[in-house]
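As structure tokens, the structure follows; a few thoughts come after it.
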Amino acid sequence: MKTEIVAAIYDRRRRSQTAATERALQLLRKGEIVALPTETVYGLAADVLNPIAVAKIFEAKERPRFDPLIVHLPNRDWFDRVTQIRDEDRKLIEKLADCFWPGPFTIVLPKKSIVPEIVTAGLDTVGVRISAHPVFTQIIGAFGKPLAAPSANRFGCLSPTTAQHVLDELDGRIPLLIDAGQTSHGIESTIVVVHNGKIDILRRGPITAEQLSQFGKIDIVSSAGKISAPGQLPVHYAPKTPLRLIEDATSFSPPEKQRVGLLAWNPVRSEENFLAIRRLSEKQDFREAAANLFRCLRELDELDLDLVVAERVPSQALGAAIMDRLERAARKDD
Ligand code: TXA
Ligand code: MG
């Protein structure tokens, strides 16, 4: 299969990304899968209500069937059509949705039977979100139905933050890729479960624990522990090159004869130890660092190095979500 790439160019006269939207709609309506930009990472989308279309996502990604997909809603009207909210949780859930939707925020809730089993991998819950990306919003709005969309990478690999990343992994496996440049958040949405006024964070992301703590008691569900999020496998964001976490590059001496790359958080003082260096954010800005994280990791991964060392990022606010990705990437080396 040849992968067609269409740039999402904004047409001022028609006030939309017409060409990209129309092509994506044609294919989605035929039960095909399409890679689309979201504000977090690129997603691989299919009609939620068409199990055969959804099966194509698992095939293209080589994703195990036990790993459920996130369902993206065109609007809030769909919320009650796909989920079953317990009365005692409704107030808090509505508040969270009002505050963080559209945006990088996913809520796991009991599902209704309209959601096919294949989407949720047989679970009786479904993760839903409403994306804020203008291209995604336009396409799903015109489609008028929810789209299942996991990150558009092969299973176990880094999530794609540019169209080129999607091509690197899925070229020839998907019919269409809509290119809208680099995604703004750069890491996947925050995933939560709500019960009895408590918010469990299943996956850290752009909406931070600090932000969520204003709404209720927070619990961070460790990824290695309970697999209430089946996709929260310890190794999930893994580059090919071994990755090791270090405190600071200045106190690191590379093993002899090893070709080492550095993913830097701090200002770089000792360049000579490293064959390649990527700095997450010159200004040490968490948002910029998150947006650059997967691109920097991929770039270092492509250099055929023996080792990549990554400096720890302060584990607060969005830094905690960045550290979560780095720790998972490093765990492969254990
Ligand atoms: O930002 C994002 O969330 C991106 C964009 C494309 O929307 N999507 C994404 O999807 O990261 P994916 O499939 O790569 O990651 C979704 C995670 C998986 O770890 C999956 O196991 C978990 O969400 N998940 C989905 N449904 C769930 C459920 N019902 N219960 C627990 N975890 C669930
Ligand atoms: Mg993923």
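Read the numbers this way: they start at 1 and go in the same order the structure lists the ligands and their atoms. One is the number of the first residue; the rest follow in order along the sequence.
By the 4.5 Å heavy-atom criterion applied to side chains, Ile70 and Ser189 are counted as neighbours. Between Ile33 and Pro175, some side-chain heavy-atom pair lies under the 4.5 Å cut-off.
Taking every non-hydrogen atom of Thr40 and a distance limit under 4.0 Å, the qualifying atoms of ligand 1 come out as 1 (O), 2 (C), 4 (C), 5 (C). Each of the atoms 29 (N) of ligand 1 lies under 4.0 Å from some heavy atom of Val126. Here is the list of ligand 1 atoms found below 4.0 Å of a heavy atom in Ser189: 1 (O), 2 (C), 3 (O). Atom numbering of ligand 1 starts at 1 in the shown order; those under 4.0 Å from a heavy atom of Thr125 are 28 (C), 29 (N), 30 (N).
With a 4.0 Å heavy-atom cut-off, ligand 1 is reached by the backbone of Pro150 and by its side chain too. With a 4.0 Å cut-off on non-hydrogen atoms, Asp67 touches ligand 1 through its side chain and not its backbone. At a heavy-atom distance under 4.0 Å, no atom of Lys61 approaches ligand 1.
Salt-bridge check for Glu282 with Arg279: passed, with a basic side-chain N closer than 4.0 Å to an acidic carboxylate O. Using a cut-off of 4.0 Å between Lys/Arg side-chain N and Asp/Glu carboxylate O, Glu39 and Arg129 are scored as salt-bridged.
Using a 4.0 Å cutoff on heavy atoms, Arg129 counts as a contact of ligand 1. Ligand 1 lies within reach of His72, whose nearest heavy atom is under 4.0 Å from it. Residue contact check for ligand 1: Ala149 places a non-hydrogen atom closer than 4.0 Å to it.
The backbone N or O of Ala264 lies less than 3.5 Å from no partner atom in the side chain of Arg278, so there is not a single donor-acceptor pair.
Here salt bridge (Lys or Arg N to Asp or Glu O under 4.0 Å) pairs that include residues 174-184, with residues two or more places apart or in two chains, number zero.
Phe143 belongs to a hydrophobic cluster whose other members, connected by ILVMFWY side-chain contacts under 4.5 Å either directly or through intermediates, are Val6, Leu25, Leu27, Leu28, Val34, Leu36, Val135, Phe136, Ile139, Ile140, Leu147, Leu176, Ile178.
Among Ser159, Ala121, Pro68, Pro206, the residue whose heavy atom lies closest to atom 27 (C) of ligand 1 is Pro68. Of the candidates Glu188, Lys111, Arg203, His133, Arg203 brings a heavy atom nearest to atom 15 (O) of ligand 1. When Leu202, Val71, Ile70, Val108 are ranked by how near their heavy atoms come to atom 16 (C) of ligand 1, first place goes to Ile70. When the heavy-atom distances from atom 9 (C) of ligand 1 to Ser151, Ser131, Pro160, Gly43 are ranked, the shortest goes to Ser151.
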TODO: Take Thr40 and Glu188 through the test side chain to side chain donor-acceptor pair (under 3.5 Å) and record every step on the way to the result.
DONE: CA-CA 5 Å; Thr40 55; Glu188 307 86 347; over 6 Å; no
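A salt bridge (charged side-chain N to carboxylate O under 4.0 Å, His left out) with Arg154 is found for one member of Glu169, Glu62, Glu59 and no other, namely Glu62.
Residue contact annotation: Asn153 places no N/O/S atom under 2.8 Å from the Mg ion (ligand 2).
Residues Ser213 and Glu210 bring no donor and acceptor atom of their side chains to less than 3.5 Å of each other.
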